[in-house]
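Quick notes on the structure that follows.
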Amino acid sequence: MEKLKMNIQHVYKFVTEDEILKQGTNALACNRALHDGSRPGNDFLGWVNLPSSITEDAIKEIEDAAVNLRTRCDVVVIVGIGGSYLGARAVIDSLSNAFDWLQQDRKSPVIMYAGNNISEDYLFELKEYLKNKSFGIINISKSGTTTEPALAFRILKELLEEKVGKGEARQRIVAITDATKGALRMLASKEGYKTFVIPDDVGGRYSVLTPVGLLPIAVAGINIRKLVAGAVAMEKATADNISFEYNLSAIYAVIRNELYKRGKKIEILVNYHPKLHYFAEWWKQLYGESEGKDHKGIFPAAVDFTTDLHSMGQWIQEGERTIFETVISIAQPDKKLEIPSDKEDLDGLNYLSGKRVDEVNKMAELGTRIAHVDGGVPNLLIEIPRLDEESIGQLIYFFEKACGISGYLLGVNPFNQPGVEAYKKNMFALLEKPGYEQETAAIKAKL
Ligand code: PA5
């Protein structure tokens with residue numbers, strides 16, 4: 001398997017090699033804590049050895065459920081939010097043909113998403129789209145009580161049952177939730193849906209390699225065995241017996257914390273391929289929810305280049321110097337497209353004729369990196385061999401491991417998210433949910 005690489009030459013102007021190496025012992029202690037569970041959040045460390053512990057039976061069960069949905073449905077709606085949504089979408093978007101869903105003769109169902117917002121227009125339009133489609137639903141919620149997916153599921157379930165009847169609907173709905181607790185578990189047992197369990201010790205944002213991510217990914221026709229194999233390779237490469245100089249997750253975690261100490265409060269994840277847009281959304285949740293607490297933490301942002309060079313490029317080049325960039329670079333494109341020559345050359349592009357489009361993209365990438373470093377923006381580069389299952393598997397685990405180490409270096413519990421509850425409490429109070437009478441009175445007094 002070709003390996004993920006990291007290039008840190010463009011951070012040395014801002015943090016020296018010595019300063020990075022000095023933090024090695026500290027970072028390895030944090031990595032060890034992820035393995036021995038000796039720090040806060042140790043009840044959510046199931047993801048650490050997850051890739052290597054996925055059994056053949058577990059993979060087979062997921063593949064069988066995927067085949068059932070692929071056989072019965074032209075469209076599968078993934079209902080979920082946050083960690084119960086972003087991992088699947090990150091991988092599916094990264095590894096799917098961007099225009100396949102528009103083709104009549106495609107081999108896999110169209111994947112749609114719901115339950116990640118409460119927009120009436122979105123749900124209405126999705127319902128309209130699904131009316132004439134043969135569709136199924138994967139309903140994902142660890143707690144089984146999250147409002148956004150529960151609401152979307154209620155609406156889509158009604159539509160599906162009206163269309164195909166309760167019996168067939170039962171064959172087209174899969175629930176992924178807690179083993180025993182929550183409204184979704186109760187509903188699934190009562191209705192007789194096929195279910196998968198989200199392990200207790202794996203939090204939402206670390207759950208992409210559980211059925212939460214693997215089932216939707218398999219339904220989309222992506223090879224989950226190769227994805228897991230990539231993650232296993234990175235699990236080994238960042239294990240607690242690996243020295244600091246070779247542990248890329250530990251090095252990345254140290255660099256971002258050292259930059260943070262030097263006033264670089266915002267990390268921008270950069271990609272040069274639109275397919276990686278949702279990978280960055282997944283990464284934003286992973287780091288934002290893990291580190292943004294106790295009034296500290298790097299703000300994770302993301303841009304799609306070169307698109308955003310024509311919008312955010314100005315700010316990055318010359319705005320406040322509180323940022324650094326982490327670029328995800330893809331060594332080899334999957335497809336080949338050469339720039340044709342043109343007899344008249346009216347657009348003046350003949351100097352590029354015969355070159356591949358990716359050569360132009362790579363020069364944009366290199367030129368931008370140099371310009372941004374010259375402009376005072378530290379720059380890390382993470383290179384994956386290509387956009388395939390093994391590379392994405394490596395990248396997922398690389399970032400997960402680095403996030404755990406980085407959170408511990410920062411001195412926070414990277415595995416809780418107490419701040420997410422505040423908006424829910426207010427929303428329930430405003431909606432006058434039974435049991436929230438006191439909160440309703442309190443919030444109304446503030447209006
Ligand atoms: O990472 C997390 O824990 C959150 O983003 C959750 O995944 C999200 O809030 C959805 O929760 P649930 O799966 O319980 O519906």
Side-chain angles (χ1 to χ4, degrees), residues 40-48 50 77-91 113-118 123 137-157 173-188 193 195-217 278-293 297 300 302 396-397 399-404 406-407 412-428 433:
N42 54 7
D43 41 351
F44 284 101
L45 295 174
W47 59 273
V48 175
L50 175 68
V77 187
I78 315 299
V79 175
I81 194 166
S84 291
Y85 150 65
L86 285 164
R89 189 158 195 180
V91 177
Y113 301 90
N116 56 69
N117 62 63
I118 324 178
L123 275 170
I137 307 170
I138 303 177
N139 188 9
I140 310 171
S141 176
K142 185 172 184 198
S143 63
T145 56
T146 307
T147 308
E148 289 90 336
L151 200 150
F153 182 67
R154 179 183 277 215
I155 290 168
L156 297 178
K157 173 180 182 277
I173 296 175
V174 177
I176 308 180
T177 188
D178 185 86
T180 53
K181 298 188 297 286
L184 179 55
R185 170 56 61 185
M186 276 164 48
L187 192 152
Y193 300 149
T195 61
F196 287 91
V197 171
I198 308 177
D200 271 350
D201 58 356
V202 180
R205 59 191 175 274
Y206 292 86
S207 70
V208 54
L209 298 171
T210 72
V212 169
L214 294 181
L215 179 63
I217 292 166
Y278 270 94
F279 195 90
E281 293 300 306
W282 169 82
W283 172 90
K284 273 159 61 178
Q285 189 211 353
L286 180 65
Y287 280 81
E289 237 174 35
S290 299
E291 294 194 315
K293 49 198 71 159
I396 287 171
Y397 193 88
F399 278 129
E400 287 182 347
K401 194 56 169 310
C403 188
S406 184
V412 298
N413 173 355
F415 306 111
N416 63 4
Q417 55 285 327
V420 179
E421 296 311 310
Y423 98 91
K424 292 184 191 168
K425 201 179 95 190
N426 284 353
M427 178 176 77
F428 293 145
K433 183 174 176 173

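Start at 1 and go down the list; that is how both ligands and their atoms are numbered. Treat the numbers as computed from the prediction; the structure is a model and nothing was measured.
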Please tell me if the side chains of Glu289 and Val420 come closer than 4.5 Å, counting only heavy atoms from C-beta onward.
yes
For a 4.5 angstrom cut-off between non-hydrogen side-chain atoms, does Ile396 reach Val91?
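Yes. Closest side-chain heavy atoms under 4.5 Å.
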Just verifying a value: how many Å separate [X] [atom1] and [Y] [atom2], rounded to the nearest 0.5 Å?
| X | Y | atom1 | atom2 | value |
| --- | --- | --- | --- | --- |
| Glu148 | Met427 | CD | CE | 5.5 Å |
| Thr177 | Ile198 | OG1 | CD1 | 5.5 Å |
| Thr210 | Ile176 | OG1 | CD1 | 7.0 Å |

[X]: numbered ligand 1 atoms lying under 4.0 Å from its heavy atoms:
| X | result |
| --- | --- |
| Ser84 | 7 (O), 12 (P), 13 (O) |
| Ser143 | 12 (P), 14 (O), 15 (O) |
| Thr146 | 11 (O), 12 (P), 14 (O), 15 (O) |
| Ser141 | 12 (P), 13 (O), 14 (O), 15 (O) |
| Gly204 | 1 (O), 2 (C), 3 (O), 7 (O) |

Answer yes or no for atom 12 (P) of ligand 1: protein heavy atom present at a distance under 4.0 Å?
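It does; a protein heavy atom is within 4.0 Å.
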When you measure from the side chain of Lys142 to the backbone of Asp200, do you find a donor-acceptor pair of N or O atoms at a distance under 3.5 Å?
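Pair found, side chain donor or acceptor close to backbone of Asp200.
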Spell out, as yes or no, whether a donor-acceptor pair under 3.5 Å connects the side chain of Tyr287 to the backbone of Trp282.
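Flag not set: sc Tyr287 to bb Trp282 has no pair under 3.5 Å.
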Purely on distance, is any nitrogen or oxygen of Lys424 under 3.5 Å from one on ligand 1?
no
Consider every N or O of Val420 and every N or O of ligand 1, then say whether any pair is closer than 3.5 Å.
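Min N/O separation from ligand 1 is not below 3.5 Å for Val420.
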Using the rule given for ring-ring contact (aromatic ring centres under 6.0 Å, His included), can you reason through Tyr206 versus Phe44, listing the C-alpha separation, both sets of side-chain angles and the distance that settles it, and then say yes or no?
CA-CA 9 Å; Tyr206 292 86; Phe44 284 101; 9.2 Å; no
For atom 9 (O) of ligand 1, what's the nearest protein heavy-atom neighbour? Residue, atom name and distance, please.
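Minimum-distance protein heavy atom for atom 9 (O) of ligand 1 reads Ile81 CG2, 4.5 Å.
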How far is atom 7 (O) of ligand 1 from its nearest protein heavy atom, and which residue and atom is that?
Gly83 N, 3.0 Å
Please determine whether any non-hydrogen atom of Gln285 lies less than 4.0 Å from an atom of ligand 1.
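Flag set, Gln285 near ligand 1.
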Out of Lys142, Glu289, Gln417, who is nearest to atom 2 (C) of ligand 1 when you count heavy atoms only?
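Comparing heavy atoms across Lys142, Glu289, Gln417, the nearest one to atom 2 (C) of ligand 1 lies in Glu289.
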